[in-house]
Amino acid sequence: MNLYQQHPYWLMKNGIVNTYPSLKENIKVDVAIMGAGISAALTAWHLRNAGLTVAVFDKNHAGLGSTAASTAFLQYEIDIPLTKLKEYVGEADAVKSYKLCREAIYDIADLCKSLKPAFDFHLKPSLQYASFKTHLSDLKAEYELRKKHNFKVQWLDEDEIQKQFGFNAPGAILSKDGGEVDAYLLTHALFNAFEHAGHKVYNNTPIKQIEHTKHGVTLHTASNLKINAKKLVIASGYESLQYVSKKIADINSTYAMVSEPIEDTTFWYQNSLVWETATPYMYFRVVSENRILIGGRDDPFHHPHIAPSTIDKKAEMLRKAFSKKMPQIPLAPDFKWAGAFASTKDGLPYIGSIPERPNTYFALGFGGNGITFSVIAANIIHDLITGKKNDNAAIFRFNR
């Protein structure tokens, strides 16, 4: 599956940060991880000091799948509002899911500080505004429910939005907890620490067959090599769906563009993350070099390749929508791309195991919270593999 088209900003900006060899011989490890994006990197990083031998395998190059196309919009709010999520999973688990995502943002902040050298990460507020007046009552109910459960939120009326953000909207929730990070660079920084702990990452090592044996899992590569592992973690993003017998997600296309650098340094209140209540929603934030990233305009993903003309059209739609909202900010597109985007029925990821694949764990951080979900998955899978009880695993189980 082609996970992005054209020019993802972080890949074009950073280039090939690091390369890893392909597998050249049969090996045995305690844990094999399929995929080498941010989900795999976080899982590998959490397992690096667990007293296990761990190896990561990617059919292409590390970080060049969905990770390179990520807009790294770190928020604890998932694609399903808390008021709706409680109808799917109950209020207690819905609130817990939101709080785990909030904790994940601060876990990433701490992780970035711990890397040597320290990795660039920024905490940012998040604003969700009502796209239409008809959305106002639902958004106000969302605010009240979050406030009830001690989320750090503030309600902004129309005048306050105009004053602090420079655009018109009938109402909005301003959340204190959000963040931004370069997921592509972070992936390589985590793999660097992982390799320094004595483990291995392999590029260009596609897995053609997974064999479940009495004592573990045997992976057969396209070059007829074998990887014998006691445990397997599948963290290959949307391509992981081929290993699950039932349908658990719908795949769409999402689009993004990044502007040319702009002279101003503060465009709105603390350069917050901004998104709306419409479905699909438009979102925007400030990225490095004083550029503005805009994403959204999702549609069904049916083809392995998205035509450049479609991406151009979607990027222009995003530019027009932003310029209508903020005509005072001059915006010229510089980078634009499309990426695969999976959504689940309740907006939550699938983490854990399924009966038909013993000794195998899935880290499927689908939805708009892919990175924060990946942090949660890494913690849960670490505990499952090392035999530690994890009280949060049941929320994200496959049979929920």
Side-chain angles (χ1 to χ4, degrees), residues 8-20 33 35-50 54 56 58 61-76 100-126 176-201 203 235 237 256 258 261 265 270-273 285-293 335 339 363 365 368-379 381-382:
Y9 172 63
W10 288 276
L11 177 59
M12 303 301 291
K13 174 179 176 287
N14 300 314
I16 302 297
V17 177
N18 200 358
T19 58
Y20 309 92
I33 301 176
I38 187 64
S39 296
L42 285 161
T43 302
W45 189 87
H46 275 76
L47 287 170
R48 77 198 188 288
N49 293 330
V54 187
V56 176
D58 197 277
H61 288 257
L64 292 192
S66 295
T67 297
S70 170
T71 56
F73 201 83
L74 304 185
Q75 57 195 92
Y76 67 81
L100 285 170
C101 286
R102 184 177 64 183
E103 290 170 15
I105 294 170
Y106 289 93
D107 286 347
I108 294 173
D110 291 340
L111 185 158
C112 290
K113 289 178 186 176
S114 73
L115 293 171
K116 307 223 181 281
F119 192 82
D120 194 28
F121 174 88
H122 303 284
L123 292 170
K124 290 286 181 182
S126 170
K176 177 181 180 293
D177 306 306
E180 54 188 27
V181 70
D182 185 326
Y184 176 68
L185 278 184
L186 179 57
T187 294
H188 285 287
L190 292 171
F191 280 143
N192 181 59
F194 173 73
E195 288 203 314
H196 273 87
H199 308 289
K200 293 292 185 182
V201 179
N203 279 341
V258 170
T265 56
Q270 295 187 16
N271 285 343
S272 303
L273 315 175
R285 72 178 181 93
V286 180
V287 297
S288 58
E289 302 176 313
N290 235 34
R291 301 170 185 264
I292 293 176
L293 178 150
F335 300 90
N369 297 60
I371 296 175
T372 52
F373 285 161
S374 294
V375 174
I376 296 169
N379 280 305
I381 290 173
H382 169 275

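Numbers for residues simply follow the sequence, beginning at 1. Note that these values count all heavy atoms, side chains included, but never hydrogens, waters or copies made by symmetry.
- Heavy-atom neighbours of K13 NZ from other residues, nucleotides or ligands within 6.0 Å: above the threshold of 12.
- In this view, H199 and F194 satisfy the ring-ring contact (aromatic ring centres under 6.0 Å, His included) rule, not counting sequence neighbours.
- Interatomic distance, CG of D182 versus CH2 of W10, reported as 7.0 Å (0.5 Å rounding).
- Using a 4.5 Å cut-off on side-chain heavy atoms (C-beta onward), N271 and R285 make no contact.
- In plain terms, the two heavy atoms of G178 and L273 that are nearest each other are CA-CD1, 4.3 Å.
- For A189 against F119, the heavy-atom pair with the smallest separation is CB-CD1, 4.0 Å.
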Practice prompt. Kindly determine whether Y9 and R291 satisfy side chain to side chain contact (heavy atoms under 4.5 Å, CB included), including the steps that lead there.
Written response: CA-CA 10 Å; Y9 172 63; R291 301 170 185 264; 3.6 Å; yes
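- Under a 3.5 Å cut-off, the side chain of T67 and the backbone N or O of I38 do form a donor-acceptor pair.
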Practice prompt. Test Y76 against S126 for side chain to side chain donor-acceptor pair (under 3.5 Å), laying out the working first.
Written response: CA-CA 9 Å; Y76 67 81; S126 170; over 6 Å; no
Practice prompt. Evaluate side chain to side chain contact (heavy atoms under 4.5 Å, CB included) for I33 paired with V54, printing each intermediate quantity in order.
Written response: CA-CA 8 Å; I33 301 176; V54 187; 3.9 Å; yes
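- A donor-acceptor contact shorter than 3.5 Å links the side chain of N203 to the backbone of A62.
- How far CG of L123 is from CD of Q270: 10.5 Å, rounded to the nearest 0.5 Å.
- Across C101 and N369, no two heavy atoms sit closer than the pair SG-ND2, 4.2 Å.
- The side-chain hydrogen bond (donor to acceptor under 3.5 Å, both in side chains) search around D107 returns none, not counting sequence neighbours.
- Residue pairs meeting the side-chain hydrogen bond (donor to acceptor under 3.5 Å, both in side chains) criterion with at least one member in residues 35-50, sequence neighbours excluded, are S39-S374, H46-N379.
- Side-chain atoms of S114 come within 3.5 Å of backbone N or O of L111 as a donor-acceptor pair.
- The nearest pair of heavy atoms linking D58 to A36 is OD2-N, 2.9 Å.
- Separation of atoms CG (L64) and OG1 (T187) is listed at 10.0 Å; rounding is to 0.5 Å.
- In this structure, L42 CG and F373 CZ are separated by 14.0 Å, a value rounded to the nearest 0.5 Å.
- The aromatic rings of Y20 and F191 lie perpendicular to each other, with more than 60° between the two planes, well past the 30° mark.
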Worksheet entry | Pair L186-F121, side chain to side chain contact (heavy atoms under 4.5 Å, CB included): steps then yes or no | CA-CA 10 Å; L186 179 57; F121 174 88; over 6 Å; no
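- When all heavy atoms of I371 and S70 are compared, the pair lying nearest together is CD1-OG, 3.8 Å.
- Note that the NE2 atom of H188 and the CD atom of E195 stand 11.0 Å from one another [nearest 0.5 Å].
- The shortest side-chain heavy-atom distance between V17 and L185 falls under the 4.5 Å cut-off.
- In this structure, CG in L115 is found 5.5 Å from CG in L190, a value given to the nearest 0.5 Å.
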